[in-house]
Amino acid sequence: MAKVLLNQHRKKRLETGHPWIYQSEVLEIQGDVVPGEIVEVTNHKGHFLAKGYINPASQMIVRILSFDPNEAIDYDFFLRKIRQAAEFRTRFVDNPRACRVIYGEADFLPGLIVDRYNDVLVVQVLSLGMEQRIEWIRDALVEVFAPEGIYLRNDVPVRKLEGLEQGKGVLYGECPREVLIEENGLKYYVDIVEGQKTGFFYDQRENRASIAPLMKGWGESHGISLQSVEVDGELKTVPVDKRGKAIKNPFWDGAEVLECFTHTGSFTLNACKHGAKKVTALDISEHAIETAKRNITLNGFLHRVDFVVANAFDYLRENVEAGRSWDVVILDPPAFAKSRGAVKGAIRGYKDINLNGLKLVRPGGFLVTASCSYHMSPELFLDTIQEAAIDAKKILRLIEWRGAGKDHPQISGADEAHYLKFAIFEVRDRK
């Protein structure tokens with residue numbers, strides 16, 4: 001087995017559990033190396049630290065699989081790791097049949113992503129070392145999960161960095177294009193062939209559920225109060241508007257909500273489930289809106305949702321100018337900063353949507369905002385929102401601060417996994 005010796009004065013990232021070795025950390029390589037094969041990683045004196053697979057063509061030259069010098073990297077290794085990942089989800093996820101069952105480095109299988117959609121698994125292979133062991137991975141997934149089908153979604157540009165081609169197709173069994181799943185008691189259609197990433201974003205599961213307390217308690221601010229009125233000769237307590245007219249809408253106490261970047265309609269669905277009176281669901285993609293509409297219809301909430309196909313930046317700005325407002329504004333955009341060089345532009349983007357989002361929140365309402373850009377640090381994200389609040393003349397009170405869900409665990413020494421930031425702010429005017 002070839003050895004990769006590390007520089008003496010490198011940062012001790014590997015010792016904290018970080019699963020990547022970069023080219024710049026390598027002192028020398030002893031022995032002949034075949035791309036994708038297992039190598040030992042040692043300190044500068046040759047003392048064993050870990051083992052993993054190597055790809056000299058990648059800046060991430062070694063990805064760590066084990067810290068045990070005696071652990072063989074064979075089929076049993078993959079079977080053991082995949083079984084451990086499944087047991088973890090069974091313990092921590094309410095519905096382990098609809099979640100991310102393997103999260104790459106965080107499940108000690110770097111370069112491998114597996115999402116479960118009931119009886120179908122969707123797999124992304126992001127590295128050469130995993131690509132070369134795909135048959136072991138397939139067989140272990142079948143043994144642990146007994147799926148009806150496994151679908152490959154290797155249509156991701158990051159594979160180019162490993163010298164791999166992009167593509168997608170059936171790896172095992174039969175895979176319908178569309179699968180029905182349940183999350184937080186809500187049903188979704190998932191397109192595993194053309195949907196974004198692997199078809200669905202599981203990382204916001206707990207965050208979506210956390211908006212529940214925001215959805216009720218708005219009747220009074222909407223001019224509705226409970227009053228005793230005579231109905232068919234009997235006194236009954238009913239909701240009554242300012243004109244004294246009884247309100248028949250069962251969601252009279254619910255929030256009026258704006259969700260931008262709705263994608264599959266997931267936050268809108270959770271809002272409706274927990275009592276929202278009306279939700280405006282917006283996305284720039286007509287396909288996304290059609291998907292959201294199908295999901296919302298499936299759950300019986302269509303009469304409470306308005307759908308808008310528009311650019312969120314323009315829509316927010318136009319509605320500020322028009323003087324509109326909502327009780328709750330939800331902003332869950334795609335990553336604005338996909339590289340370190342894109343951070344400045346991302347800051348402008350996040351400030352823009354949060355500035356106008358804040359202006360659209362009624363006093364005492366809530367802003368729900370997120371960033372999935374790793375290069376946008378938590379501190380930078382919060383600073384950007386604070387700057388937006390200053391310009392919008394708002395005072396914010398932080399109610400929730402979260403990351404990704406429990407099926408997306410984080411290795412403590414690997415900051416790269418800390419990509420998702422999610423916050424709920426109460427919004428008050430500063431006059």
Side-chain angles (χ1 to χ4, degrees), residues 211 214-224 241-243 245 247 249 251-263 265-272 275-286 288-290 292-293 296 301-334 336 347-371 384-397 423-431:
I211 68 171
L214 315 183
M215 293 301 119
K216 289 184 179 179
W218 298 98
E220 185 177 349
S221 63
H222 294 163
I224 300 172
D241 66 15
K242 292 179 180 178
R243 298 170 298 175
K245 184 178 180 180
I247 304 296
N249 185 344
F251 304 101
W252 63 272
D253 197 37
E256 295 176 355
V257 181
L258 169 64
E259 186 204 357
C260 297
F261 312 98
T262 191
H263 188 227
S266 54
F267 276 101
T268 290
L269 280 167
N270 280 268
C272 289
K277 181 167 68 176
K278 198 70 176 178
V279 183
T280 301
L282 176 147
D283 203 287
I284 196 171
S285 163
E286 289 189 17
I289 287 296
E290 286 305 312
K293 189 177 292 185
I296 288 157
F301 301 142
L302 188 61
H303 62 292
R304 282 192 275 158
V305 181
D306 293 328
F307 299 92
V308 178
V309 177
N311 179 298
F313 290 87
D314 296 338
Y315 185 86
L316 291 167
R317 196 174 300 113
E318 289 166 3
N319 279 273
V320 168
E321 293 172 357
R324 290 199 64 189
S325 61
W326 284 266
D327 301 312
V328 180
V329 173
I330 301 172
L331 306 173
D332 183 25
F336 290 164
I347 292 172
R348 290 193 295 272
Y350 284 117
K351 182 175 180 182
D352 192 336
I353 63 169
N354 282 282
L355 171 64
N356 288 306
L358 284 166
K359 289 180 179 179
L360 292 174
V361 178
R362 293 169 183 150
F366 297 90
L367 175 73
V368 180
T369 184
S371 166
T384 301
I385 294 170
Q386 184 59 54
E387 288 183 13
I390 292 170
D391 289 355
K393 296 183 179 179
K394 303 290 184 179
I395 296 174
L396 303 182
R397 186 158 62 159
I424 299 177
F425 292 97
E426 184 192 62
V427 182
R428 301 191 180 203
D429 284 344
R430 173 176 58 82
K431 297 184 179 181

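These values consider heavy atoms only, across backbone and side chains, with no hydrogens, waters or symmetry-generated copies. Worth saying up front: this structure is predicted, and the values here are computed from it rather than measured.
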For [X], which residues count as a side chain to side chain contact (heavy atoms under 4.5 Å, CB included) partner, sequence neighbours excluded?
X      : result
Ser266 : Tyr188, Arg208, Thr264
Arg317 : Phe313, Asp314, Glu321, Asp352, Asn356
Gln386 : Ala389, Ile390
Ala423 : Thr369, Leu398, Trp401, Phe425

> Taking only residues two or more places apart in sequence, or in another chain, which ones meet Ser221 in a side chain to side chain donor-acceptor pair (under 3.5 Å)?
Replying inline: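 If we apply the side chain to side chain donor-acceptor pair (under 3.5 Å) test to Ser221, skipping adjacent residues, there are no hits.
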>> Taking side chain to side chain donor-acceptor pair (under 3.5 Å) as the definition, give me every residue that meets it alongside Asp283, ordered by chain and number, with sequence neighbours left out.
In response: none
Shortest non-hydrogen contact between [X] and [Y], atoms and distance:
X      : Y      : result
Val309 : Glu286 : CG1-CG, 3.7 Å
Ile353 : Phe261 : CD1-CE1, 4.2 Å
Val329 : Gly357 : CG2-O, 3.9 Å
Thr268 : Ala281 : OG1-CB, 3.6 Å

> Which word best sums up how the rings of Phe251 and His303 line up, parallel for under 30°, tilted for 30 to 60°, or perpendicular for over 60°?
Replying inline: tilted
Do [X] and [Y] come within less than 4.5 Å of each other through their side chains, counting heavy atoms only?
X      : Y      : value
Ile296 : Cys272 : no
Ile211 : Val328 : no
Ile289 : Thr262 : yes
Met215 : Val257 : yes
Asp429 : Lys393 : no
Val279 : Trp326 : no

>> Against Glu256, only a single residue in Lys277, Arg324, Lys278 fulfils salt bridge (charged side-chain N to carboxylate O under 4.0 Å, His left out); can you say which?
In response: Lys277
> Could you walk me through whether Leu396 and Leu358 pass the side-chain contact (heavy atoms from CB on, under 4.5 Å) check?
Replying inline: CA-CA 9 Å; Leu396 303 182; Leu358 284 166; 3.5 Å; yes
Measure the [atom1]-[atom2] distance between [X] and [Y] for me, rounded to the nearest 0.5 Å.
X      : Y      : atom1 : atom2 : answer
Trp252 : Ile247 : CH2   : CD1   : 9.5 Å
Ser325 : Lys359 : OG    : NZ    : 14.0 Å
Ile385 : Tyr350 : CD1   : OH    : 10.0 Å
Leu331 : Glu259 : CG    : CD    : 9.5 Å
Arg430 : Ile395 : CZ    : CD1   : 7.0 Å
Leu258 : Leu282 : CG    : CG    : 6.5 Å

> Out of Ile330, Leu360, Asn354, Ile424, which one pairs with Leu367 under the side chain to side chain contact (heavy atoms under 4.5 Å, CB included) rule?
Replying inline: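 Exactly one pass, corresponding to Asn354.
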> Are Ile347 and Glu387 close enough, and set up right, to give a side-chain contact (heavy atoms from CB on, under 4.5 Å), and what steps lead you there?
Replying inline: CA-CA 10 Å; Ile347 292 172; Glu387 288 183 13; 5.6 Å; no
> Side chain of Arg397, backbone of Glu426: donor and acceptor closer than 3.5 Å?
Replying inline: no
> With no hydrogens and no angle check, is any side-chain donor or acceptor of Asp253 less than 3.5 Å from a backbone partner on Trp218?
Replying inline: yes
>> Go through it in stages, so that I can follow the logic: the residues are Cys260 and Leu316, the test is side-chain contact (heavy atoms from CB on, under 4.5 Å), and I'd like the CA-CA distance, side-chain angles, deciding distance and then a yes or no.
In response: CA-CA 9 Å; Cys260 297; Leu316 291 167; 3.9 Å; yes
